[in-house]
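Okay, so here's the structure we're looking at.
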Amino acid sequence: MKLKLGVQLFYNMGLRYTSYRILHEIEKRTGVLEKRHPYFFKNPSSQSLEKWRLNTPDFVIKEREKLTFLKSPSLSLKEKVNLIKSGSLLFFNREWIEIGKNYDWLTNPVTNYKYNNSLHWSKIQDFSAENGDIKYVWEKSRFSYLLTIIRNDYHNDEDNSSFVFDEIENWIKENPINQGPNWKCSQEISLRIFNWCYALYFYKNSNSLTEKRWSEIQNVIYASLHHVYYHINFSRIAVRNNHAITETLFLTLSEFLFPFIPETKKWAKKGRKWFEKEIKYQIYPDGTFLQFSMNYHRVLIQLFSLGLSITERHKKRFSPIVYNRAELSLNFLFQCLQDENGYLPNYGANDGALFFPLTESDYRDYRPQLNTLHQILKGIPLFDDVSEACQDFNWLSNCSNGKKDTQLKKNKELLISLTEDTI
């Protein structure tokens, strides 16, 4: 039976995939993965908080004191932050679930199963009848909710930096390096650090960011990059979808965001090569995306915006294929967009993913994310009359390449073609 399944796997997935999966299973069972991803190690090149504050590398935003875009006080933001601070969390952009003020980062709120944070991540199951779906545990540890708090603090002139850094510090305490469920997925690891970067930069001058906390955060950043780099083939070979793009982008940007880590030169060089290869492979010449999912396609749009804005700032552009595929990808979603509300067909897999929630727009409204990438690529907004769509771009401020290009327009012939293809 096992031989039959192995033959079927080879037939369906090919030699590269099958060989890697066999090797990965051997490494997992023999303890090789545990040795490659050790439980304890220390960042060998930490930088003092004072030095980082004096010479902070460019990110997509600066500290809150230097942000100048128009503030829009928002009651809905206040309400969301109050819910978060009282122990609730918006799961998958659909349902608020009460998980408690002292949530342990390890318990599935649906099944109440608590994962073991002393086990190496390679021994943690993704899904079982007892555990339930591990994504319920990953959801808070992604830290996307920090962006809601940050936006509230800017627009409503509040300061929740103490709460934010308490959350990060508590996560570090409850999730020892390479142990437990939250170290299992390299994409989740990458997203967590991207969202921590928003907090570090926005609250850069907060007294709540102490030397001790900065040292602990640096150590986790180092361990996270180490983990992603030395497990990158899992997403590049076994998964090969938006996971691979997220992780290779994380490595690519590491030399800009964390130059005080010497290894980022090597990790970024390899990451850039892999990222560009994945973009060429996963986005087709007509702008469609290999996952055939409108929502995962939007995930890709957000990753493009983050990646291009940072590389443009550091004057180290990607190869032309990345810009070409970014524009084609943007155009495809724009052509499918419903003009009156920004919705797209809920086509393909949709697990509620929105890595960087930077506006109060409805989850189904794609205009903010499309507008941001359009403005980065072409130097002008995509939507002239939708103010909320511009809010997303404000949080990737000053990242236009400076040129003024023509605005995308709806292509009636393409729309007819797309409609006919779905009938």
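In this text, all values refer to a predicted model and were calculated from it rather than measured experimentally.
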Apply the test ring pair (Phe, Tyr, Trp, His ring centres under 6.0 Å) to residues F332 and F334: give CA-CA distance (whole Å), side-chain angles for both, the deciding distance (0.1 Å), then the verdict. CA-CA 5 Å; F332 174 78; F334 175 65; over 10 Å; no
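- Inspection of the S186 and H243 side chains reveals no N or O donor paired with an N or O acceptor under 3.5 Å.
- No donor-acceptor contact under 3.5 angstrom links the side chains of Y145 and E139, judged on distance only.
- Distance alone, capped at 3.5 Å, places no donor-acceptor pair between the S329 side chain and the A326 backbone.
- Judged by distance alone, with hydrogens and angles left aside, the side-chain atoms of H374 form no donor-acceptor pair with the main-chain N or O of L330 at under 3.5 Å.
- For the 3.5 Å distance criterion, the side chains of N241 and Q282 fail to qualify, holding no donor opposite an acceptor.
- Residue E50 qualifies as open at atom CD: its count of foreign heavy atoms under 6.0 Å is 12 or below.
- If you run side chain to side chain contact (heavy atoms under 4.5 Å, CB included) between L308 and each of L373, T372, L303, only L373 comes through.
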Please report the C-alpha distance between Y115 and W105 in whole Å, then the side-chain angles of each, then the deciding distance to 0.1 Å, and finally whether the ring pair (Phe, Tyr, Trp, His ring centres under 6.0 Å) criterion is met. CA-CA 9 Å; Y115 288 88; W105 308 95; over 10 Å; no
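- Inspection of the Q218 and E216 side chains reveals no N or O donor paired with an N or O acceptor under 3.5 Å.
- Across all their heavy atoms, I61 and Y198 have their closest contact at CD1-CD2, 3.7 Å.
- For the pair R313 and F256, the NZ or CZ position fails the cation-pi test of under 6.0 Å to the six-membered ring centre and within 45 degrees of the ring normal.
- Between E360 and R151 a salt bridge is recorded (basic side-chain N to carboxylate O distance below 4.0 Å).
- Side-chain contact between S208 and R213: present, with at least one pair of heavy atoms (C-beta onward) separated by less than 4.5 Å.
- No donor-acceptor contact under 3.5 angstrom links the side chains of N156 and K71, judged on distance only.
- Atom CZ of F292 is surrounded by more than 12 heavy atoms from other residues, nucleotides or ligands within 6.0 Å.
- Note: F393 and F69 fail the aromatic proximity criterion, with ring centroids not under 6.0 Å apart.
- In this structure, Y203 has no ring pair (Phe, Tyr, Trp, His ring centres under 6.0 Å) partners at least two apart in sequence or on a different chain.
- A heavy-atom distance below 4.5 Å is not found between the side chains of D339 and F383.
- Annotation for I97 and P109: closest pair CG2-CB, 4.1 Å, computed over non-hydrogen atoms.
- W183 has its side chain out of reach of I124: every pair of non-hydrogen atoms, C-beta onward, lies at least 4.5 Å apart.
- Figure legend: K62 and Y201 shown without cation-pi pairing, the cationic atom not lying both under 6.0 angstrom from the six-membered ring centre and within 45 degrees of its axis.
- Pairs of residues two or more places apart, or lying in two chains, never qualify as ring-ring contact (aromatic ring centres under 6.0 Å, His included) while including a residue from residues 350-371.
- K184 places a side-chain heavy atom less than 4.5 Å from the side chain of D126.
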Walk me through whether K204 and T56 qualify under side-chain hydrogen bond (donor to acceptor under 3.5 Å, both in side chains). CA-CA 9 Å; K204 171 182 169 180; T56 312; 2.9 Å; yes
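- N324 contributes no side-chain N or O that, together with a main-chain N or O of P320, makes up a donor-acceptor pair within less than 3.5 Å.
- With 3.5 Å as the limit, one finds no donor-acceptor pair spanning the side chains of S88 and E98.
- With respect to the salt-bridge test (charged N to carboxylate O, under 4.0 angstrom), the residues K269 and E255 do not qualify.
- Relative to the ring axis of Y343, R364 places its NZ or CZ within 45° and under 6.0 Å from the centre.
- Under 3.5 Å, the side chains of T246 and Q187 contain a donor-acceptor pair of N or O atoms.
- Ion pair E63/K66 flagged as a salt bridge, since at least one NZ, NE, NH1 or NH2 atom sits closer than 4.0 Å to an Asp/Glu carboxylate oxygen.
- With hydrogens and angles disregarded, a donor-acceptor distance shorter than 3.5 Å links the side chain of T111 to the backbone of N131.
- For W196 and F143, the gap between ring centers is short of 6.0 Å.
- Cation-pi geometry between K140 and Y103 is not satisfied (NZ or CZ under 6.0 Å from the ring centre, within 45° of the ring normal).
- No salt bridge links D157 with R64; every basic N to acidic carboxylate O contact stays at or beyond 4.0 Å.
- Under the 3.5 Å distance criterion, the side-chain polar atoms of Q407 are matched with a main-chain donor or acceptor of P381.
- For the 3.5 Å distance criterion, the side chains of N175 and Q179 fail to qualify, holding no donor opposite an acceptor.
- A salt bridge links K212 to E169: one of the charged nitrogens lies within less than 4.0 Å of a carboxylate oxygen.
- The pair R367-D392 fails the salt-bridge criterion, with no side-chain N (NZ, NE, NH1 or NH2) lying under 4.0 Å from an Asp/Glu carboxylate O.
- Of the possible donor and acceptor atoms, one in the side chain of S224 sits under 3.5 Å from a partner among the backbone N and O of V220.
- The heavy-atom pair separating G307 from F318 by the smallest distance is O-CE1, 3.9 Å.
- When every heavy atom of G342 is checked against every heavy atom of L337, the shortest pair comes out as O-CD1, 3.0 Å.
- You'll find the side chain of L300 reaches within 4.5 Å of the side chain of F304, heavy atoms only.
- Side chain to side chain, Y39 and E34 meet the donor-acceptor criterion of an N or O pair below 3.5 Å.
- The backbone N or O of R192 lies less than 3.5 Å from no partner atom in the side chain of R142, so there is not a single donor-acceptor pair.
- Residues L253 and F194 have side chains in contact (heavy-atom distance under 4.5 Å, counting atoms from C-beta outward).
- The six-membered or imidazole ring of W96 lies away from that of F91, with a centre-to-centre distance of 6.0 Å or more.
- At least one side-chain heavy atom of H24 sits under 4.5 Å from a side-chain heavy atom of L33.
- The shortest non-hydrogen separation linking S161 to D153 is N-OD2, 4.2 Å.
- Salt bridge present: K378 and E327 bring a charged side-chain N and a carboxylate O closer than 4.0 Å.
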Go through the steps to decide whether H37 and S122 satisfy the test side-chain hydrogen bond (donor to acceptor under 3.5 Å, both in side chains), and finish with yes or no. CA-CA 9 Å; H37 302 274; S122 61; over 6 Å; no
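- Side chains of E278 and T248: a donor-acceptor N/O pair is absent below 3.5 angstrom, by distance only.
- N178 and H227 are linked by a side-chain donor-acceptor pair at a separation below 3.5 angstrom, with hydrogens and angles left out of the test.
- No hydrogens or angles considered: nothing links the side chains of N182 and W121 as a donor-acceptor pair under 3.5 Å.
- At distances below 3.5 Å, at least one donor-acceptor pair connects side-chain atoms of Q335 with backbone N or O atoms of K409.
- Of all heavy-atom pairs between S141 and W171, the closest is OG-NE1, 2.9 Å.
- Checked by atom type, the side-chain pair E158/N152 shows a donor-acceptor distance below 3.5 Å.
- Between Y222 and W267, the ring planes lie tilted relative to each other; the angle falls in the 30° to 60° range.
- At a cut-off of 3.5 Å, with distance as the only test, a side-chain donor of D351 or Y296 sits close to an acceptor on the other residue.
- The backbone N or O of G352 sits less than 3.5 Å from a side-chain atom of N93, completing a donor-acceptor pair.
- The backbone N or O of K114 sits nowhere less than 3.5 Å from a side-chain atom of T107 that would complete a donor-acceptor pair.
- Annotation: side chain of H297 is not in contact with side chain of Q291 (no heavy-atom distance under 4.5 Å).
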